[in-house]
Amino acid sequence: MMSDNLTIPDDLVTRLLDARRIAVLTGAGMLAESGVATFRDVSNGLWSQFDPRVLASPQGWANDRDLVWAWYEYRRAMVMKAQPNAGHFAIAQLANALQTVHGIEVEVNVITQNVDDLHERAGTTSVVHLHGSLFGPRCKACGRPARDLPAPSDVPVMKLSPPRCTHCNGYVRPGVVWFGEDLPQGAWRKAKAWVNDCDCLLVIGTSGVVWPAAQLPVDAHAKGKLVVEINPQVSEITRHTDIYWASASAQALPAISAVLAMAAVLRRPFGKKTP
Ligand code: BV8
Ligand code: ZN
């Protein structure tokens, strides 16, 4: 079922109210309304002549460590200046918004492909990062976390020599998962379990081109879970969904929150007629 960007799909809220365990898979589209460029766009500036998928790879690091470190520090600076948007807050408050209508406990677990901390800063506590985090740099040699890094400069520079590990003097690398690297096993296991146990999977702001994250909605749909996608563009996921809402996350998610708030005020289960 498809809906245009302003109309909440007919039975979306009713079916969300029937769910008791909701998994949410988010991608770079969540960041659009926080003013942070999506993964592909982030290289439009200084790094426009580089393919982000090369920069985000062990080969990219081997080719030019200082260029890659500068790219990640620029992205870390962008995220530190950004704020969570209405979509992040709506996800953080979704469980409470549903419980307020029907009084039954609801579990919402977030699986993000993003490497920022905006879900956490919006109040989401149950979240895993499939692709790591800009805020978890570690030593490339001994693997120890690198602590107390200086704040990144606001002024983007093309080259920046990575700091050294205080333990073994190895180079510090970004705490993200590069293309060709395995996902963090704990996060991947948890993500698969949350999707396996959920009644409903919300897929928000992802093109569905990166694997194995993109496998999650495909598996969920094959297992008969309710799969709902919110994305202004059709993606690789859309054909594996039950409800596709062509809308921006920071419009659609607050709209769902508003309808739930109204349903709570009316104290009637949404969509059901009182006897
Ligand atoms: C791995 C961290 C085992 C770095 C990232 C099949 C199975 C397994 C692997 C593969 C496979 N096929 C290919 C592979 C290899 C590869 C892969 O997927 N390649 C792709 C390009 C084909 N996968 C891997 O290497 C993974 N590792 O599988 O390990 C292995 C080991 C060795 C060899 C083989 C297998 C690791 C992948 C992790 C890569 N790291 N991030 C960094 O950030 O620098 S992924 C990176 O790209 C981002 O994190 C992000 O997740 C991803 C981009 O995806 P999206 O989030 O979807 O963002 P995108 O810009 O594409 O789309 C944005 C969407 O938002 C759009 O649809 C747009 O319409 C929408 N949108 C825009 N505005 C809004 C909006 N939506 C809502 N509201 C809005 N306002
Ligand atoms: Zn070290």
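Treat the numbers as computed from the prediction; the structure is a model and nothing was measured. Just so you know, ligand 1 is whichever comes first in the structure, and atom 1 is the first atom listed for that ligand. Each residue takes its place number in the sequence, starting with 1.
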For ligand 1, which atoms sit closer than 4.0 Å to a heavy atom of [X]?
| X | value |
| --- | --- |
| Pro212 | 28 (O) |
| Gln113 | 49 (O), 51 (O) |
| Gln233 | 69 (O) |
| Arg53 | 21 (C) |
| Val210 | 18 (O), 37 (C), 47 (O), 52 (C), 53 (C), 54 (O) |
| Ala32 | 73 (N), 80 (N) |
| Ala56 | 44 (O) |
| Gly27 | 56 (O) |

Parallel, tilted or perpendicular: ring planes of His240 versus His221, cut at 30 and 60 degrees: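 Judged by the thresholds at 30° and 60°, the geometry between His240 and His221 is perpendicular.
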Parallel, tilted or perpendicular: rings of His88 and His119 (30°, 60°):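 It falls in the perpendicular class, over 60°.
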Check: [X] side chain, [Y] main-chain N or O, donor-acceptor pair, under 3.5 Å:
| X | Y | answer |
| --- | --- | --- |
| Asp117 | Phe135 | no |
| Asn114 | Asp116 | no |
| Thr238 | Val234 | no |

Side-chain contact, heavy-atom cut-off 4.5 Å: [X] with [Y]?
| X | Y | value |
| --- | --- | --- |
| Val177 | Pro184 | yes |
| Leu118 | Asn85 | no |
| Pro137 | Pro145 | no |
| Glu33 | Ser249 | yes |
| Val228 | Thr241 | no |
| Val227 | Ile243 | no |

All salt bridge (Lys or Arg N to Asp or Glu O under 4.0 Å) counterparts of Asp64, not counting sequence neighbours: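 Asp64 satisfies salt bridge (Lys or Arg N to Asp or Glu O under 4.0 Å) with Lys159 once adjacent residues are dropped.
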Asn231 heavy atom under 4.0 Å from ligand 1: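 Under 4.0 Å: yes for Asn231.
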Any Met30 heavy atom less than 4.0 Å from ligand 1: no
Is there a polar contact, in the sense of an N or O pair closer than 3.5 Å, between [X] and ligand 1?
| X | answer |
| --- | --- |
| Tyr72 | yes |
| Ser249 | yes |
| Val176 | no |
| Ile204 | no |

Pick from Trp211, Trp71, Trp245, Phe179: the one approaching atom 10 (C) of ligand 1 most closely through a non-hydrogen atom: Trp211
Neighbouring protein N, O or S atoms of the Zn ion (ligand 2) [cut-off: under 2.8 Å, no waters]: Cys139 SG, Cys142 SG, Cys165 SG, Cys168 SG
Within reach of ligand 1, part of Glu33 (heavy-atom separation under 4.0 Å):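 Answer for Glu33: side chain.
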Side chain to side chain donor-acceptor pair (under 3.5 Å) evaluation trace for Gln113 with Thr26: CA-CA 6 Å; Gln113 300 175 82; Thr26 65; over 6 Å; no
